Amino acid sequence: MSEKLEPLPGTSDIWEPETSQWVFLESTARDIFPRYGYGELRTPIFERTDVFVRSIGTETDVVQKEMYTFADRGGRSLTLRPEGTAGVMRAIANQGLAEGEERRVFYMGPMFRGERPAAGRRRQFHQVGVEAVGRASAAMDAECIAMLHHFLTELGVGDGTILVNTRGTAADRPVVAEALKTYFTPLKDQLCPDCQRRLGANVWRLLDCKIESCQPLMAGAPRITDLLGEESKAFFAQVCATLDTLGVPYRVEPRLVRGLDYYIHTVFEVTHGGLGAQNAIAAGGRYAITLPGNADKAIEGVGFAAGMERLLMARESLGLKAAAAAGVQLYVVGLGSRAQAAALPLAQILRTNGFRTLADTGARSMKAQMRAADRAGARLALILGDNELDRNTVVVKDLKASTQEECPRAGLEARLAAILAPEAC
RNA sequence: GUGGGUGUAGCUCAGUUGGUUAGAGCGUCAGGAUGUGGCCCUGAAGGCCGCGGGUUCGAGCCCCGUCAUCCACCCCA
C-alpha cells in the first residue's frame, strides 16, 4: 500500500477481469468500423506541441491548462496527446492526400489531460475515434453519426441520447460570435461569474450555462440558426434529412456548441445516464484543421471520439458484462522428485497441443497441489507419481465430477480433449 | 485551479466518552496418520492505524499540515 507504488493520480492499472471488458470494446470497434470502410491507424502518443496547439486552438482549456508538455533532450517542446484528431490529421497530411481523395481511419488508445480526476474523468483516459477526411458532404456527416449509433448499439448502449447542432461555416462563425458578444456584453453584470469569464474566453459556451439565474438571459439571446448563412442552413438540413432516412434517432440541441475551436458545421454528442456528472460518452463533428507549416490550407473532415472508460461505465450501469478470459483447463500434480521433474515437460507438451495448463512448480504436498488445482479453476487434475511413471500412465481426475481414471500416456491428449469437449461448445 | 467525503491486515470493514498486547470476515500458507481439491476443524504469517507535527500522564480516536483516493465545480471523452 505504499504510496510510491500507486499509479500517478488519475491513472490506473487495469487487471483481469476488467481487461476482458476492454478487449471486448476494442474488438467491437475493429468489427464495426471496417464495415464502413475505415482502417485502423496508430499514431504516436506524443507529438510536437504545435501540432495540438494549432489544431485545437490556443484559447481552449485543453491547450491552456490541460496539456502534458515537456522539453525533450534537443529542447523541442513535445506534448502527450490530449485528443486523437490532431495527430491523425498530421499523419494524413504527412502521407499526402490527393485533391478530392477521401480517407477513413479509426484509432484507439490513451490520451492525457492534466485535470482533477472525478467519475468518468482521468488524466490518462482512453478514446476510440474515427476520422473521415478529404471531402465535405452532409451525407458523410450523417453516415458518421449513424456509424456511431451502430457502434453504441452493438455495445449495448444504444439507448443514449444523440444531440446534434450546427456551428455553421468557417465564415459564419465569427458572425455568430460577434452577435453573441454584442448581446451579452451589456448584460455582463447579470451573468454568473463563470459566464462573465466565458464572455471573454469562449462566447459560444455561454449558451450551454446551466445556472438558474442565467436562463432568462439565454432565452433572449440570438439563435445560432438565425445568424447562419444559407449554405450553413442547407447543409444542416440535409444532415438531419439523411439521419431521418437512415433511421437514426437524434435530437436537435441548439445550445450544443462543443469546446474545441476546430469544429464547423455539424457537431454532435451522445449522453448516457448512470455515469455521474460526466454524461457524454461520445462526441464529434465536422472540422477544419490547420497544421503547422501549412497555415493556408486546412484539412477538412468529420469524426468523433468516444471515451472508452465511459462506454464501459455505461455498459456496467446496464449490467452488461463481456465473457471473462478463458481459464485454466488442466493442472499437473507431481508427487515426489521424479514426477515433479516430469510434470513441467508434460505441461509443456499439453500447451503445445492447445490446452491451457498449469503445473505445480514447487515440491508441495499432494493436498496443497490439489487445492491449488481447485483454486486455479482447473477442470482436470493430472496426477503424476512414481506409480504412474512406472506404468507410463497419468491419473486424470475430473474436479467437477469428482471422478478419476488412469489413462495411458499414449493417447492422453485425445482423452483430455474428449472430456473437455462439451465445455467448449 | 476551487469545494466536500474517506484513509486501520492482501481485500471488505469494526474499533465505545482518548485508557493495557489494535480486531473480525474473506483471502494466503500449513496441518487434520504419511497418493486426492471444494465443506468443516486447528494453527500460522501478515499492521510505523497514509505521512509529519501538535494537544495530553496517555492518541487509531482530538487539532493543524501534507499526501493519496472518491465525488462535485470548471471543462471535457
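Everything numeric here is computed off the predicted structure, so don't read it as measured data. Reminder, nothing fancy here: chain letters follow the sequence lines and each chain counts from 1.
Side-chain N/O atoms of A/Glu388 and base N/O atoms of B/rG35 include a donor-acceptor pair closer than 3.5 Å. Contact of A/Asn387 with B/rG35 (side chain to base): a donor-acceptor pair of N or O atoms is detected under 3.5 Å. A donor-acceptor contact under 3.5 Å is not formed by the side chain of A/Glu6 with the base of B/rU69. For A/Lys367 against B/rG35, a side-chain-to-base donor-acceptor contact under 3.5 Å is absent. A donor and an acceptor atom never sit less than 3.5 Å apart when one is taken from the side chain of A/Gln278 and the other from the base of B/rA72.
Of the listed nucleotides (B/rA77, B/rA30, B/rC75), B/rC75 has the atom at the smallest distance from the side chain of A/Glu66. With B/rA77, B/rA30, B/rG32 as the candidates, the nucleotide lying closest to the side chain of A/Arg371 is B/rA30. Distance from the side chain of A/Ala277 is smallest for B/rC73 among the nucleotides B/rA68, B/rC73, B/rC76. When distances are taken from the side chain of A/Ala119 to each of B/rA72, B/rG31, B/rU36, the shortest belongs to B/rA72. Closest contact between the side chain of A/Val395 and the listed nucleotides B/rG35, B/rA77, B/rA72 involves B/rG35.
For A/Arg375, a side-chain nitrogen or oxygen approaches OP1 or OP2 of B/rC29 to under 4.0 Å. A/Arg122 has no side-chain polar atom (N or O) that falls below the 4.0 Å cut-off from OP1 or OP2 of B/rC76. OP1 or OP2 of B/rG31 sits under 4.0 Å from a side-chain N or O of A/Ser365. Between B/rC76 and A/Arg310, no contact under 4.0 Å exists linking OP1 or OP2 to a side-chain N or O. For B/rG4, the OP1/OP2 oxygens have no side-chain nitrogen or oxygen of A/Arg116 closer than 4.0 Å.
Note on A/Arg251 versus A/Glu253: salt bridge recorded, some NZ/NE/NH1/NH2 to OD/OE distance being below 4.0 Å. No salt bridge links A/Glu309 with A/Arg122; every basic N to acidic carboxylate O contact stays at or beyond 4.0 Å.
Residue A/Phe106 contributes atom CZ, which lies 20 Å from atom P of B/rA77 at whole-angstrom precision.
Listed in residue order, the members of residues 339-350 of chain A having a heavy atom less than 4.0 Å from RNA chain B come to none.
In RNA chain B, runs of at least 3 consecutive Watson-Crick or G-U pairs, each pair with both distances below 3.5 Å, span B:1-7 with B:67-73, B:10-13 with B:23-26, B:28-32 with B:40-44, B:50-54 with B:62-66.
Atom name P, nucleotides B/rC62 and B/rG5: the rounded distance is 13 Å, in whole Å.
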